[in-house]
Amino acid sequence: MRKFLIQMIGLMLAMTTTACAEQTTPVGVWELRYQDAVGQSYLNVLELRKDGTYATHMQDATPSDTGRYTLTDTMVTFESRLDPRFSRDVPYELDGDTTLKLLIVAPGGGGNAFYVDWTRSSLTRQLRIIEIFERRVPGDLPSRLAAFASEAQKWKEDAVPTWIRMTARQNGEYETILHFFSPSTMQELRMTVTAYDIKTSTHNGSRTAHRPLPPEFLDLPLLLIKANENQITGPLEKADLSVYEQHGAVWQITMTNRQRGSFSAETGAKIDGDVTGYKAQYEADWNHAGELWRKAMKQWQKDDSNGEFHTCPMDPIFDHCPDGCYYHSPSPPVVTRGWCSIYY
């Protein structure tokens, strides 16, 4: 019995020691909140992941970063994947399990240094991350969109999601902008979702997408697998989900190597051609504008008196006017005879 008690005490001590070691490690998510001189609030987040990678999510002027890190008892070494100038050795101290003190050298030289206190964060990611094709992309979008829509309806009861835009940030994460449209007020609410934060803003909704997204659609990671099967490969640069009259809900994606594709958000089938209908309208508008310009240029060149075209010398001292060519001095007088274009 005594031997059993000794073993139990030893096991409990080992568990306590392990727990303390886990609690006092810098590994985890840390946040830095502050206000500048004019009252603008900022939230910066530092992730030190268990796999030896890190990411910073900065709202102030500090560049966001990502890469690998190593730890000693007093130093964290950052090896940036983005810019070697971001790689550095940073002395640190831990104040219990709640505060990570990072020694920062003041800009401008002089050797001045000071500790910045980061607080262990209880923040959780707004969107679950799935690693696929060299990117950490947001997942569970259909289920999370329902929760976001519920929040949007606190703004306007008839608000519905109509558009999702996702853009890669330099630290390998994504900024996701959710558009919600209120038909009764013709207003739009935008939710800008980053890794650990959401910001909202309202806009005139008359020119935004109006067709509601379906409650069920192909999640982005599954869509990227479909794209890969269609030889559209590489890290994702941006993605858009909207509803179009002829095709329904459509994912449009662009990779960092500029490969692009459109896919049904219901079946994952690749859609060839212009799904938006904008191309045909753009070409019609361009052709119409071109015809107007050709008429304008012809009128500009034409001689009002006999219908012939002037051949004014291509020299900056000549004005090309509807009724002739006029010589002027380096400081030309005001030309009062009709509309003309002066060459300098």
Side-chain angles (χ1 to χ4, degrees), residues 125-150 152-153 158-169 172-181 183 188-195 205 207-286:
R125 281 186 169 268
Q126 297 295 336
L127 293 169
R128 186 167 70 93
I129 291 300
I130 296 177
E131 296 192 19
I132 184 169
F133 303 132
E134 305 176 58
R135 286 290 193 189
R136 295 164 51 86
V137 303
D140 287 345
L141 275 169
S143 60
R144 290 293 291 138
L145 184 58
F148 290 133
S150 178
Q153 287 174 357
D158 60 345
V160 291
T162 60
W163 183 13
I164 299 176
R165 292 184 293 161
M166 309 179 71
T167 306
R169 309 184 81 186
E173 302 283 342
Y174 286 84
E175 178 184 80
T176 302
I177 302 180
L178 309 170
H179 297 250
F180 297 88
F181 176 65
E188 178 190 56
L189 177 73
R190 295 179 191 171
M191 290 186 182
T192 301
V193 182
T194 50
R207 301 187 66 179
T208 191
H210 292 172
R211 295 188 180 96
L213 292 173
E216 296 293 334
F217 55 86
L218 199 64
D219 203 14
L220 183 60
L222 296 176
L223 183 278
L224 293 178
I225 293 174
K226 292 288 187 180
N228 187 71
E229 293 172 354
N230 284 271
Q231 287 71 54
I232 299 177
T233 60
L236 179 69
E237 179 69 21
K238 60 182 180 180
D240 283 70
L241 175 62
S242 297
V243 177
Y244 298 98
E245 183 176 0
Q246 299 298 323
H247 301 279
V250 174
W251 277 110
Q252 295 179 285
I253 60 173
T254 302
M255 305 306 196
T256 55
N257 57 14
R258 314 319 299 167
Q259 292 188 58
R260 302 180 183 185
S262 299
F263 296 84
S264 167
E266 298 177 4
T267 66
K270 189 174 185 298
I271 303 173
D272 295 319
D274 177 32
V275 300
T276 66
Y278 297 153
K279 182 178 179 181
Q281 185 61 48
Y282 172 82
E283 290 178 346
D285 291 343
W286 181 262

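As the structure is a computational prediction, the values presented were derived from the model and not from experiment. The first residue of the sequence shown is numbered 1, and numbering continues consecutively from there.
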query = Do Trp163 and Phe181 have side-chain heavy atoms sitting under 4.5 Å apart?
reply = no
inquiry  = Quick one, Lys226 and Lys270 - any side-chain contact, counting heavy atoms below 4.5 Å?
reply    = no
message = Do Asn228 and Ile132 have side chains that approach each other closer than 4.5 Å (heavy atoms only, starting at C-beta)?
response = no
message = I'd like to check Thr233 versus Met255 (side-chain heavy atoms, cut-off strictly below 4.5 Å). Are they in contact?
response = no
query = Taking side chain as C-beta onward, heavy atoms only, is Val243 less than 4.5 Å from Leu213?
reply = yes
request  = Drop me the distance from Met166's CE to Glu173's CD, to the nearest 0.5 angstrom.
outcome  = 10.5 Å
note = Tightest non-hydrogen contact, residues Leu241 and Ala265, listed as CD1-CB, 3.6 Å
message = Any heavy-atom pair between the side chains of Thr256 and Arg135 that's under 4.5 Å?
response = yes
inquiry  = With heavy-atom distances below 4.5 Å as the criterion, would you say the side chains of Arg128 and Arg144 are in contact?
reply    = no
ask   = Checking side chain to side chain contact (heavy atoms under 4.5 Å, CB included) against Phe263, which of Ile232, Ile271, Leu224 comes through?
value = Ile232
key: Among Leu141, Leu145, Thr194, Asp140, the one residue meeting side chain to side chain contact (heavy atoms under 4.5 Å, CB included) with Leu127   = Leu141
request  = Return the orientation label for the Phe217 and Trp251 ring planes: parallel under 30°, perpendicular over 60°, tilted otherwise.
outcome  = perpendicular
message = For Glu245, is there an ion pair with Arg211 - N to carboxylate O distance below 4.0 angstrom?
response = yes
